[in-house]
Amino acid sequence: MANIPVKWVQSSMRGAPIINGVAGSLIGALRTFLITGFAPTAAVSATALDGIATIMLPSGQSFEEHAVVLIAGATIPEFNGEARVLSAASDRITVATSAANGPLAGSITVRYAPVGGWEEVFSKTNVSVFRSTNPAGSRFFLRVDDTGAAVARVVAYESMSDVDTGSNPFPAAAQASGGGYWHKSGAASAIAVRWRMFADTRMLYVALASGSYQNDVFTAAPLRGFGDPIARSQSGDVWSALISVAPAGNTSNSGMLESAVLSAGVSGIFCARSITGLGGSVQCNPKAYTGGAGEISGGSTYLGAGPSDVDGEIKLSSLFVVEARTGAGPRADVPGVQFVPQSGVFAQIQDGTIIAGSGPFAGMRLMAVATGTNQGTTPVGIYFVNITGPWRAS
């Protein structure tokens, strides 16, 4: 089976790691998602019929529909590898296969697949450094200091020689001394929070509902991220590599993408360098190609209420990042994420809903993620993440 470029996981999956207000919990989840995978189980049996394989599992050991699993141990080599779950029940899943009709022999195991194409370069207790191994990317470094309880400190570097030593950080010390913040929980608490992660081999997104330790209402999850956007410069732009952080240690819900436009001085997005390639970290703003300044995903009125009373559609808009300076144009597109330039969508679509795409998203699935205002944990809108992919041409 071929590798599948986009992976996603969430806290409700069987065996998913717990993220809470405890040191180390975020790093554990990142390592599991990017590198190892999780929730392995031994198949009871597997049978192929007309391009579909049914894998029988011990009761309660199943996997979520649309997720990507890693299959190993089959005696037929083409059955081993990554596969997307087409359907799921408590004791079985189905996946597409090129294997001939009939039983599939072997000691078959199944687990949620890791993203792959990432490595943990350096580590010490509750501090880790991750980077992409994709040779087409910037291959810059993400340092995650998870020694705190409720928050992790994160910073990217162009190069690193050990877990504590790097050059050309973004954000720079003058922009966010000690790095930015990813809020795991609203308190130093062992109570688990709701979370989701999405990635390909060049971009990682983390959606942490830090207020959900209190109740099931505070589920707004700003989308943080690190990696390579899709550069718009025809000559390439490795310096557009970005990190999305909260620039202050409060529990603000201001994140990368729930606000379509954040004014200069507020945005928590930092690119490695300016478009000139000179100097160091520059602050950038996220914007939508459709919509107005300061609008919130799902709360915009630019294209009316959603779904549209004219054609019944939920309208989506791609996003881009732009340097926080006068006259700057779109520098790079944000892969895999869609802004909703309509109001009232959160009342129509629940957090976690997976919808079938149409038009340019035909054949793809999009997941709705709850988001709030810049300072709130109660959701007021949604953004969509493409969980099928691919997010980029290469």
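Because only heavy atoms are used, hydrogens play no part in the values below, and waters and symmetry mates are left out as well, while side chains stay in. Just so you know, these numbers come straight off a predicted model, no measurement behind them.
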Which residue pairs pass the salt bridge (charged side-chain N to carboxylate O under 4.0 Å, His left out) test with at least one member in residues 348-362, sequence neighbours excluded? Arg194-Asp351, Arg196-Asp351
Not counting sequence neighbours, which residues clear side-chain contact (heavy atoms from CB on, under 4.5 Å) with Ala29? List them please. Pro17, Ile19, Met197
Qualifying ring pair (Phe, Tyr, Trp, His ring centres under 6.0 Å) pairs, either residue in residues 5-44, two or more places apart: Phe38-Tyr112
Residues that, via side-chain heavy atoms closer than 4.5 angstrom, fall in one hydrophobic cluster with Val121: Phe122, Val127, Val129, Phe141, Val155, Tyr157, Met160, Val163
Taking distance alone, no hydrogens or angles, what donor-acceptor pairs closer than 3.5 Å link side-chain atoms of residues 269-280 to residues at least two apart or in another chain?
| unit_1 | atom_1 | unit_2 | atom_2 | d |
| --- | --- | --- | --- | --- |
| Arg273 | NE | Glu158 | OE2 | 2.9 |
| Arg273 | NH1 | Gly277 | O | 2.9 |
| Arg273 | NH2 | Glu158 | OE1 | 2.9 |
| Ser274 | OG | Thr276 | N | 3.3 |
| Ser274 | OG | Thr276 | OG1 | 2.6 |
| Thr276 | OG1 | Leu278 | N | 3.2 |

Listing request: all salt bridge (charged side-chain N to carboxylate O under 4.0 Å, His left out) pairs with a residue in residues 15-40, at least two apart in sequence or in separate chains. Arg31-Glu120
Applying salt bridge (charged side-chain N to carboxylate O under 4.0 Å, His left out) as the test, list every pair that has at least one member in residues 89-117; sequence neighbours left out. none
Under the side-chain contact (heavy atoms from CB on, under 4.5 Å) test, which residues partner Pro58, sequence neighbours left out? Thr41, Val44, Gln61
side-chain contact (heavy atoms from CB on, under 4.5 Å) against Ile349, all qualifying residues, sequence neighbours excluded: Ile314, Val345, Thr353, Ala368, Ile382, Phe384
Which residues end up grouped with Leu70 if you chain together Ile, Leu, Val, Met, Phe, Trp and Tyr wherever their side-chain heavy atoms are less than 4.5 Å apart? none
Output all residues satisfying side-chain contact (heavy atoms from CB on, under 4.5 Å) with Asp50, sequence neighbours left out; order by chain, then residue number. Asn101
Applied to residues 381-392, the salt bridge (charged side-chain N to carboxylate O under 4.0 Å, His left out) test, sequence neighbours excluded, yields Asp200-Arg392
